[in-house]
There are 2 protein chains.
Amino acid sequence: MTTARTPTRAASTRGRRPGRSAGDDRELAILATAERLLERRAFGDISIDDLAKGAGISRPTFYFYFPGKDAVLLTLLDRVIEEADAAAGDVLDRLAEDPRARWRELIARFHATFGGHRAVVLACAQVRGTNAEVRRLWAEVLERWVRAVEAAIEGERRRGAAPDGLPARDLAIALNSMNERVWYATFAGDGPAVAERDVVDVLLDVWLTAIYRTTTPPPA
Amino acid sequence: MTTARTPTRAASTRGRRPGRSAGDDRELAILATAERLLERRAFGDISIDDLAKGAGISRPTFYFYFPGKDAVLLTLLDRVIEEADAAAGDVLDRLAEDPRARWRELIARFHATFGGHRAVVLACAQVRGTNAEVRRLWAEVLERWVRAVEAAIEGERRRGAAPDGLPARDLAIALNSMNERVWYATFAGDGPAVAERDVVDVLLDVWLTAIYRTTTPPPA
DNA sequence: GACGACAGTCAACACCCTGTCGACTCCCCT
DNA sequence: AGGGGAGTCGACAGGGTGTTGACTGTCGTC
């Protein structure tokens, strides 16, 4: 994907303390507690006290490590994003080898990454509405992915594999948005959702028809 | 759309009081205040006291009319949904006349309805994560719309206008999900979004290619 | 080996928002 | 005229957040 994760943030200095000392365990303990608790209840139902207790510290001490609940989630999100970027790798640069297989690989890898951290992903989606930081980070990441897909679509059009049509950017936005919402529904399990087993193939089908007007695009 | 809005709820008894008396003005005042305030700040930043003050009553009195903040939003959502159902009408029953025109009409009408109440729609999307009632209602409505689209796709396949492919239900879910998320981004204005002017045509293009494999499906 | 500096810790406080209770007023109907 | 219910709100209890200030331990340094 050549997504080049511009180092807009350190992703490890979210909590304070540029320090190095042993209290790092506590920070990790808070993070671990958060991810564990998130699997049982909603983010809003977890109090700072819960996080502190879970990490074996008092509530005021929590504030020594993080400026608030949201910062914890933000750190968790940072990690998931990093993992997703790594998983995506450079598949989009090798599209022409076998377009269908590569697009599928891309979607499947994102699916695996998000599915592996569904609690965090779900919590972020919920908090995005109320927390500007999460919203900003997610917008930034999405923009990167959209740009990568946009470039890939333009590449496919240039080599004659995909027909002209919508502006590549608009198409990329629509497809990425679809994935986000469909995954959310599948992981959350409320409302109409595609079965987890099928979701990658359903998404792939829509991507291929929207980009190529066929489900069997030609290799180079 | 023949969506037959099964009367699962009265949509007007959300606040309490089966009554008829003059205090209805207050209820309306609360609703109006909520929609007005929602245009300036996020739902979470509006306190019950704000709502009460805005309606010229005290905070405890607010509870006489609504069981809580969320119920106000729920009532507002009910109205928008009713309006959307009415706007959709029976376009999907007349698809064969001119598929492209009808699908466009459907999408454009939903766009107009949601765009006319973007504050409410945005707030609901944000609250869906934390409020089970909103989540349930939205899931129920979405299920109805998905079913309508699913039936329409099957109809188009039966008359030979659309090729076979994904299960119609999965396709309907994916497309509806895309619309929801794309509209949200367009209205919210954060993160990558399709320009409001283009959004209907972008969505339409993806719907048509996903359903028909062409942007110019044949009429009956 | 005494001492300042600083990471780490928490009891206690001030604050804000929610939801509830009980008392009060008004008005309508009998 | 008077009993009942709609409508109203002051005052309270409870729970969550964020901050302050004092305490502890452990370094490196002179």
Side-chain angles (χ1 to χ4, degrees), chain A residues 12-34 37-38 40-75 123 126-127 129-134, chain B residues 12-34 37-38 40-75 123 126-127 129-134:
Chain A
S12 55
T13 322
R14 180 82 66 197
R16 39 170 128 164
R17 289 180 326 112
R20 64 260 74 178
S21 173
D24 282 333
D25 311 352
R26 300 291 159 75
E27 189 166 330
L28 266 345
I30 293 173
L31 258 2
T33 302
L37 256 31
L38 240 19
R40 312 278 157 208
R41 29 189 175 138
F43 185 69
D45 293 336
I46 299 175
S47 74
I48 290 183
D49 204 37
D50 293 331
L51 259 20
K53 286 262 197 312
I57 57 178
S58 77
R59 201 169 58 78
T61 299
F62 168 92
Y63 287 101
F64 180 79
Y65 292 99
F66 292 94
K69 243 199 322 182
D70 295 358
V72 178
L73 190 56
L74 221 34
T75 305
Q126 294 174 359
V127 169
T130 63
N131 179 288
E133 274 290 294
V134 170
Chain B
S12 57
T13 321
R14 180 80 70 198
R16 40 170 127 164
R17 291 179 326 112
R20 67 259 75 179
S21 174
D24 281 333
D25 311 352
R26 299 293 159 73
E27 189 166 330
L28 266 346
I30 293 174
L31 258 2
T33 303
L37 256 31
L38 240 19
R40 313 277 156 208
R41 27 188 176 140
F43 185 69
D45 294 335
I46 299 174
S47 75
I48 290 183
D49 203 37
D50 294 329
L51 259 19
K53 287 261 198 311
I57 56 177
S58 76
R59 203 170 56 77
T61 299
F62 168 91
Y63 288 101
F64 179 80
Y65 292 99
F66 292 94
K69 241 199 324 183
D70 296 357
V72 178
L73 189 56
L74 222 33
T75 304
Q126 295 174 358
V127 170
T130 62
N131 180 288
E133 274 291 293
V134 170

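The sequence lines fix the lettering, A, B, ..., with proteins before strands; numbering per chain opens at 1.
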If only atom types and distance count, is the side chain of B:Lys69 paired as donor or acceptor with the main-chain N or O of B:Ile46 below 3.5 Å? yes
Given [options], which nucleotide is nearest the side-chain atoms of [X]?
{"X": "A:Pro60", "options": "C:dC21, C:dG19, D:dT19", "value": "D:dT19"}
{"X": "A:Thr61", "options": "D:dT17, D:dC9, C:dC10", "value": "C:dC10"}
{"X": "A:Phe64", "options": "D:dT19, C:dC10, C:dG8", "value": "C:dG8"}

Rounded to the nearest 0.5 Å, what separation is found between the [atom1] atom of [X] and the [atom2] atom of [Y]?
{"X": "B:Phe66", "Y": "B:Ile48", "atom1": "CZ", "atom2": "CD1", "value": "11.5 Å"}
{"X": "B:Arg40", "Y": "B:Asp45", "atom1": "CZ", "atom2": "CG", "value": "14.5 Å"}
{"X": "A:Leu38", "Y": "A:Gln126", "atom1": "CG", "atom2": "CD", "value": "8.5 Å"}

Residues two or more places apart in sequence or in another chain: which of them pass side chain to side chain donor-acceptor pair (under 3.5 Å) with B:Asp50? B:Arg41, B:Ser47
Figure out the [atom1]/[atom2] separation between [X] and [N], and round it to whole Å.
{"X": "A:Asp70", "N": "D:dG16", "atom1": "CG", "atom2": "P", "value": "16 Å"}
{"X": "B:Tyr63", "N": "D:dC9", "atom1": "OH", "atom2": "C1'", "value": "14 Å"}
{"X": "B:Ile57", "N": "D:dG10", "atom1": "CD1", "atom2": "P", "value": "12 Å"}
{"X": "A:Tyr65", "N": "C:dA7", "atom1": "OH", "atom2": "P", "value": "11 Å"}
{"X": "B:Phe62", "N": "D:dG7", "atom1": "CZ", "atom2": "P", "value": "15 Å"}

Student check: side-chain heavy atoms of A:Leu31 and A:Leu28 closer than 4.5 Å: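 Yes - at least one pair of side-chain heavy atoms lies under 4.5 Å apart.
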Steps toward side-chain contact (heavy atoms from CB on, under 4.5 Å) verdict (B:Asp70, B:Thr130): CA-CA 10 Å; B:Asp70 296 357; B:Thr130 62; 5.8 Å; no
Nearest atoms (heavy-atom pairs only) where A:Ala123 meets A:Phe43: CB-CB, 4.2 Å
Extract all donor-acceptor atom pairs below 3.5 Å that involve side chains of residues 52-60 of chain A and protein atoms in other chains or at least two apart in sequence.
| unit_1 | atom_1 | unit_2 | atom_2 | d |
| --- | --- | --- | --- | --- |
| A:Lys53 | NZ | A:Asp49 | OD2 | 3.1 |
| A:Ser58 | OG | A:Thr61 | OG1 | 3.2 |

So which of residues 42-53 of chain B are in contact with DNA chain D, with a heavy-atom cut-off of under 4.0 Å?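 Result for residues 42-53 of chain B: none.
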Would you list the protein and nucleotides 22-25 of chain C atom pairs, both N or O, that sit under 3.5 Å from each other?
none

